[in-house]
Amino acid sequence: MTHQPQAPSRPLAAPLGLLAELTHRCALGCPYCSNPLELEARSRELGTDEWRRVFSEAARLGVLQIHLSGGEPALRRDILDLVRHCSAEGLYTNLITSGVGYKPELIRGLADAGLDHVQLSVQDIEPGEADRIAGYRGAFAVKREIARQVIEAGLPLTINAVVHRANVDRAPDLVRMALEWGAQRVEIAHTQYYGWALTNRTLLLPPRDAALRAIAAVEALKAELQDLIAVDHVLPDYHADYPKACMGGWGRRILNVTPAGKVLPCHASEGIPGLTFWNVSEHGLAEIWQDNPAFNAYRGTGWMQEPCLSCSRREIDFGGCRCQAMMMTGDPAATDPVCKLSPHHARVAQALAEEQPAPDKNEYVYRRLTVSNSPKRTPG
Amino acid sequence: MTIPDDARPRLARGFRLKRDEVRNAWVLLAPERVIQPNPVAAEILRRCDGARTLAEIVDDLAASFSAPRERIDADVRALLSDMAGKRMITV
């Protein structure tokens with residue numbers, strides 16, 4: 001890890017989107033949650049005025065879309081105020097919600113406040129199994145009601161479903177369910193193994209043949225239903241030949257702001273050692289985007305090693321995911337080992353070989369915000 | 001999809017055309033993505049306000065750009081039927 005951050009050579013493009021993790025509080029305990037293992041307590045959350053300032057700065061910087069996320073963003077008492085503020089700034093607002101923990105009527109208020117789009121997570125098509133995965137009894141029924149409210153309010157709906165061992169055989173049914181619920185888009189996302197999903201990896205990783213069957217079935221449905229619903233299919237990169245363009249390139253399109261105001265190039269980037277992330281309470285957003293060494297560390301292509309450095313795909317996938325490179329090779333500047341050209345590609349096969357027989361029920365380590373001052377955990 | 005002359009096209013809910021002052025370009029904001037319409041598409045979409053009819057939009061564009069009406073008409077229909085097929089506009 002001798003890598004020195006370098007300033008990018010080309011003029012810096014403005015970010016397109018900002019993912020605002022308004023809170024880490026959430027009623028659900030999904031074992032693949034993308035939040036960090038160390039969750040922020042409510043007492044550390046940014047206040048209303050701070051979030052408003054961040055959104056105004058984002059608009060001036062060139063951000064076009066705000067993704068209100070969490071945790072469950074609708075648990076914030078100021079959610080209507082924040083949506084109104086974004087709307088007044090001309091920002092496109094997207095609510096990424098579990099649907100659980102607030103009154104369904106809130107959706108109408110959010111629509112009136114100027115919300116543009118809702119993305120609702122669903123765990124499975126079978127209520128009992130969906131509730132077991134979410135670690136919350138009754139979650140499925142509440143989500144069904146939230147979906148109705150979204151449609152009634154005239155808001156466009158995306159259903160997001162994360163696919164893993166327990167529901168992989170029903171991935172195509174989730175597409176049909178989304179259509180039935182009135183969604184115009186559905187994301188079928190195979191689990192990415194960071195954070196809580198990494199903790200639960202052996203229980204989540206589906207057998208290879210099941211994953212491949214699900215991929216083929218969802219691709220077929222995507223073509224069959226293209227006039228009715230848009231299917232966004234996020235493939236499991238463990239089975240891919242080339243890595244994904246993680247975040248569309250580090251520090252290139254997206255900013256992520258944590259509940260406590262720390263600004264990250266991606267939600268998992270705190271797992272990379274040696275990077276210091278600046279906070280919106282101490283720095284302006286534009287300054288962070290341009291000058292925070294953590295944003296410049298893996299921006300562009302100047303930081304790359306071989307085989308990325310001379311690869312014709314270097315500006316297609318930007319070397320893949322830095323967090324995955326870190327986790328599987330110990331070097332965040334290495335080629336994402338998912339890439340078949342990576343010298344460490346065998347480690348992916350190794351991880352796949354660790355596949356275990358179907359787990360007993362209720363063995364997940366559920367994602368829970370327990371105590372505010374839990375001992376520090378080391379990443380990985 | 002054939003769009004009648006008296007249709008009053010407008011962007012579907014969840015799609016918003018915006019002048020991006022930072023990038024000095026029109027952008028179409030959509031669920032989970034940002035689309036950069038080409039200049040012709042941007043001029044067409046700016047006029048799809050749900051009030052003007054297809055015929056009025058074509059007339060306006062033909063006058064604004066001193067272009068043959070038939071060609072504009074074909075361009076507008078091609079764009080709008082494509083976008084209607086993707087549920088991005090309602091007609």
Side-chain angles (χ1 to χ4, degrees), chain A residues 11-17 19 57-67 69 86-87 89-96 111 114-120 150-160 179 182-187 189 225-230 232 234 248 253-254 286 289, chain B residues 1-4 7-54 74-91:
Chain A
L12 185 55
L16 289 169
L19 186 86
E57 287 181 10
R60 279 200 298 279
L61 179 58
V63 166
L64 297 168
Q65 295 187 314
I66 301 287
H67 306 282
S69 180
C86 288
S87 185
E89 289 284 5
L91 294 160
Y92 185 104
T93 51
N94 174 22
L95 183 78
I96 300 177
L115 187 71
D116 289 290
H117 176 253
V118 175
Q119 184 195 117
L120 174 66
V150 171
I151 301 300
E152 243 171 63
L155 286 168
L157 173 67
T158 291
I159 294 291
N160 170 282
L179 181 61
Q184 55 170 249
R185 253 184 101 249
V186 57
E187 291 179 5
L225 302 177
Q226 62 172 339
D227 293 337
L228 300 172
I229 190 165
D232 194 348
V234 182
R253 300 168 72 94
I254 307 279
W289 179 251
Chain B
M1 178 189 290
T2 311
I3 303 170
R8 296 175 198 275
R10 65 179 166 79
L11 287 168
R13 191 86 188 252
F15 294 86
R16 194 137 60 81
L17 188 72
K18 175 182 161 157
R19 183 69 197 170
D20 179 351
E21 300 299 343
V22 171
R23 296 170 186 83
N24 197 27
W26 288 95
V27 286
L28 180 58
L29 305 178
E32 314 279 348
R33 66 196 169 123
V34 175
I35 301 160
Q36 281 204 309
N38 66 41
V40 175
E43 289 301 329
I44 296 170
L45 292 178
R46 281 176 68 186
R47 290 163 172 81
C48 294
D49 53 10
R52 282 182 266 196
T53 64
L54 177 73
D75 284 353
V76 172
R77 283 175 195 280
L79 178 75
L80 296 187
S81 43
D82 178 50
M83 289 180 69
K86 293 174 183 158
R87 299 170 304 281
M88 295 165 80
I89 61 155
T90 56
V91 292

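Predicted model only: the values in this text are computed from it and were never measured. These numbers come from the heavy atoms of this one structure, side chains and all, not from hydrogens, waters or symmetry mates. In what follows, chains are A, B, ... by sequence order, proteins preceding strands, each numbered from 1.
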Measuring heavy-atom distances to chain B, does Gln119(A) have an atom under 4.5 Å in its side chain, in its backbone, in both, or in neither? side chain
If you compare all heavy atoms of Val22(B) against all heavy atoms of Ala59(A), which two are closest, and at what distance to 0.1 Å? CG2-O, 4.4 Å
Cut-off 4.5 Å, heavy atoms of chain A, and the answer for Arg87(B) is side chain
Identify the two heavy atoms, one from Ala14(A) and one from Arg23(B), that lie closest to each other, and give their separation to 0.1 Å. O-NH2, 3.2 Å
Heavy-atom pairs under 4.5 Å with chain A are the metric here; pick the option from Gly85(B), Ala12(B), Gly14(B) that has the most. Gly14(B)
To the nearest 0.5 Å, what is the distance between CG (Leu64(A)) and CZ (Arg16(B))? 9.5 Å
Check step by step if side chain to side chain contact (heavy atoms under 4.5 Å, CB included) holds for Leu29(B) and His117(A). CA-CA 11 Å; Leu29(B) 305 178; His117(A) 176 253; over 6 Å; no
Which portion of Ala111(A) sits near chain B, non-hydrogen atoms under 4.5 angstrom: both
Contact part of Asn94(A) toward chain B, heavy-atom cut-off under 4.5 Å: side chain, backbone, both or neither? side chain
If you round to the nearest 0.5 Å, how far is CD of Gln184(A) from CZ of Arg13(B)? 11.0 Å
Gln65(A) CD to Glu32(B) CD distance, which is reported to the nearest 0.5 Å: 7.5 Å
Non-hydrogen atoms of chain A under 4.5 Å away: do they reach the side chain of Glu21(B), the backbone, both or neither? neither
Heavy-atom pairs under 4.5 Å with chain B - which of Leu115(A), Val118(A), Leu155(A) has more of them than the others? Leu155(A)
Atom CZ of Arg19(B) with >12 non-hydrogen neighbours under 6.0 angstrom: yes
Please state whether the side chain, the backbone, both or neither of Ile229(A) comes within less than 4.5 Å of a heavy atom of chain B. backbone
